Peer 1: 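Here's a structure for you.
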Amino acid sequence: MSFNAFKSLACPLDGDSLTQAEGAWRCAAGHSYDIAKQGYVNLLPVQRKRSHDPGDSKAMVAARQRFLNDGHYQPIADAINHAALGGAPEDLPLSCLDAGCGEGYYLRQLAQAASDKTQLELVGLDISKWAVMAAAKQSLHKEQSRQQEQNSQKDPSATWVVGSNANLPVQSETLDRLLCMFGFPVMSEFARVLKPGGVLLQVEAGSNHLRELREIIYPTLKPERSGEQTVPKGFTAQTAESVSYSLTLNGREAIADLLAMTPHLYRANAEGRERAAALETLTVSVDVRVIKWTKNAI
């Protein structure tokens, strides 16, 4: 497996292609975006932010990083890897965007699962600068460690971007795969950036996902939404796979990390959070759906 640099970024202000040179990405109109020392680029214009510091907080990112690195969601990553890499030609580069990449866990897992013959072009995007910074730092740290130890551990030489799914700073029809992991899908944008025949992999929480935790922190649970999927414009449904298993967390720290990495931390009231904080062990259901869409050929 080898990594090719992803070169198909687009200027968030005018949509023109960006070129990387001298520590920045620039378009023909002169807009320039510096590459931070951690290795990421911010392509989220101030005028498109809905808040001063959008997306997950630094604390949420750190909690998710600890939780995921402990392997609790490995079966989900395995399902994504199988769906993303299946049918990929080994003689051509495979470009993949994780739209809502968080701290980069799923792209790292994808890189680990790829065969030695696969050529990957990876780009991770998130609206949270803390998430993208954490992803870039991990890649940079592992790259430096690999050079020092001269080992062959796989880790993605990904392009890390602060940006929004509502206006993806990616050139049209340049992606083979797009991941949306528990994120905010913008199907019109996803259709724009995928090549004809490209694959969108969407992961959604099922009706029983973290039910035991939700029963502890909420007085009552909301009625479940209909499981019917509306086929997005420009796509054809391929498969929908359920990933379900039981997960036991031991220790208050692991339980606190699970709660902190989800929106439930802010949706629950003080009493609910206190009940969760008092737990020493918790067994929860992991229940997600991996939905595969293919972009229609025009």
Side-chain angles (χ1 to χ4, degrees), residues 1-12 17-27 31-45 48-49 53-58 60-62 64-65 68-69 77 80 84 93-112 114 119-147 153-171 174-184 189-190 193 261:
M1 176 267 303
S2 61
F3 295 109
N4 299 331
F6 184 81
K7 299 179 180 179
S8 299
L9 292 181
C11 178
S17 60
L18 292 175
T19 302
Q20 182 181 353
E22 300 178 351
W25 288 87
R26 298 182 176 87
C27 73
H31 301 125
S32 181
Y33 308 91
D34 292 338
I35 299 173
K37 63 180 181 180
Q38 295 88 353
Y40 70 92
V41 61
N42 193 328
L43 297 181
L44 182 63
R48 291 185 178 170
K49 290 184 179 181
D53 192 15
D56 291 346
S57 67
K58 188 175 183 179
M60 290 181 70
V61 171
R64 181 176 293 110
Q65 183 172 324
L68 294 176
N69 285 348
I80 285 293
L94 183 74
S95 57
C96 179
L97 164 68
D98 187 348
C101 66
E103 46 69 67
Y105 172 78
Y106 292 102
L107 282 187
R108 291 194 300 274
Q109 291 296 312
L110 183 67
Q112 293 285 345
Q119 303 175 56
L120 291 177
E121 298 177 357
L122 302 177
V123 54
L125 175 143
D126 203 288
I127 200 169
S128 165
K129 69 176 182 181
W130 303 110
V132 175
M133 187 183 300
K137 280 183 176 180
Q138 287 186 87
S139 287
L140 181 62
H141 174 73
K142 289 190 176 182
E143 176 64 26
Q144 292 172 342
S145 298
R146 182 167 60 246
Q147 291 175 355
Q153 182 182 10
K154 299 175 183 177
D155 191 66
S157 299
T159 299
W160 302 106
V161 179
V162 178
S164 169
N165 286 359
N167 300 98
L168 290 172
V170 175
Q171 296 174 35
T174 55
L175 295 170
D176 300 294
R177 303 288 187 269
L178 195 153
L179 313 182
C180 185
M181 311 292 300
F182 304 101
F184 298 93
E189 276 293 273
F190 292 174
V193 298
M261 65 180 259

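Predicted, not measured: the structure shown is a model, and the values here were computed from it.
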Peer 1: Could I get the full list of side-chain contact (heavy atoms from CB on, under 4.5 Å) partners for Ala36, not counting sequence neighbours?
Peer 2: Gln38, Tyr40
Peer 1: Rounded to the nearest 0.5 Å, what separation is found between the CG atom of Leu107 and the CE atom of Met181?
Peer 2: 9.5 Å
Peer 1: Using side-chain heavy atoms (C-beta onward) and a distance below 4.5 Å, is Leu168 in contact with Phe190?
Peer 2: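 With C-beta onward as the side chain, the pair touches.
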Peer 1: Could you tell me which residues satisfy side-chain contact (heavy atoms from CB on, under 4.5 Å) with Pro169, sequence neighbours excluded, listed by chain and number?
Peer 2: Leu43, Leu125, Val161
Peer 1: Using modelled atom types and a 3.5 Å cut-off, is there a donor and acceptor pairing between side-chain atoms of Arg108 and backbone atoms of Ala135?
Peer 2: no
Peer 1: Residues in side-chain contact (heavy atoms from CB on, under 4.5 Å) with Asp53, at least two apart?
Peer 2: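 Partners of Asp53 under the side-chain contact (heavy atoms from CB on, under 4.5 Å) test: Lys129, Trp130.
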Peer 1: Show the numbers, then the answer: is there a side chain to side chain contact (heavy atoms under 4.5 Å, CB included) between Tyr105 and Asp98?
Peer 2: CA-CA 10 Å; Tyr105 172 78; Asp98 187 348; over 6 Å; no
Peer 1: Taking all heavy atoms of Leu94 and all of Ala84, pick out the closest pair and write down the distance.
Peer 2: CD2-O, 4.1 Å
Peer 1: Output a table of donor-acceptor pairs, distance under 3.5 Å, between side-chain atoms of residues 17-25 and any protein atom two or more places apart or on a different chain; print 'none' if there are none.
Peer 2:
none

Peer 1: List the steps, then state whether side chain to side chain contact (heavy atoms under 4.5 Å, CB included) holds for Cys11 with Tyr33.
Peer 2: CA-CA 9 Å; Cys11 178; Tyr33 308 91; 3.1 Å; yes
Peer 1: OG of Ser164 to CD1 of Ile127: how many Å apart, nearest 0.5 Å?
Peer 2: 4.5 Å
Peer 1: Of all residues at least two apart in sequence or in a different chain, which pass the side chain to side chain donor-acceptor pair (under 3.5 Å) check with Gln171?
Peer 2: none
Peer 1: Output all residues satisfying side chain to side chain donor-acceptor pair (under 3.5 Å) with Asp34, sequence neighbours left out; order by chain, then residue number.
Peer 2: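 If we apply the side chain to side chain donor-acceptor pair (under 3.5 Å) test to Asp34, skipping adjacent residues, there are no hits.
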Peer 1: Taking the side chain as everything from C-beta on, heavy atoms only, tell me whether Phe6 gets closer than 4.5 Å to Leu97.
Peer 2: no
Peer 1: Checking Pro93 now: which residues fulfil side-chain contact (heavy atoms from CB on, under 4.5 Å) with it, not counting sequence neighbours?
Peer 2: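 Applying side-chain contact (heavy atoms from CB on, under 4.5 Å) to Pro93 gives Asn4, Gln119, Glu121.
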Peer 1: Quick check against the 3.5 Å criterion: does Glu103 have a side-chain atom that pairs as donor or acceptor with the backbone of Val61?
Peer 2: no
Peer 1: If you define the side chain from C-beta out and look only at heavy atoms, does anything of Glu189 sit under 4.5 Å from Asn165?
Peer 2: no
Peer 1: For the pair Asp126 (side chain) and Gly102 (backbone), establish whether a donor and an acceptor sit closer than 3.5 Å, ignoring hydrogens and angles.
Peer 2: yes
Peer 1: Would you say Leu179 and Cys96 make side-chain contact, with heavy atoms under 4.5 Å?
Peer 2: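 Yes, their side chains come closer than 4.5 Å.
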Peer 1: Can you tell me how far the CG atom of Leu9 sits from the SG atom of Cys27, to the nearest 0.5 Å?
Peer 2: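 Answer rounded to 0.5 Å: 12.0 Å.
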Peer 1: For Asp176, check side chain to side chain donor-acceptor pair (under 3.5 Å) against everything at least two apart and list the hits.
Peer 2: Ser95, Lys195
Peer 1: Should Leu68 and Tyr106 be marked as a side chain to side chain contact (heavy atoms under 4.5 Å, CB included) after you check the CA-CA gap, both sets of side-chain angles, and the distance that decides it?
Peer 2: CA-CA 9 Å; Leu68 294 176; Tyr106 292 102; 4.1 Å; yes
Peer 1: Could you pull out all residues at least two apart from Arg64 that satisfy salt bridge (Lys or Arg N to Asp or Glu O under 4.0 Å)?
Peer 2: Asp56
Peer 1: Using side-chain heavy atoms (C-beta onward) and a distance below 4.5 Å, is Asn167 in contact with Pro45?
Peer 2: no
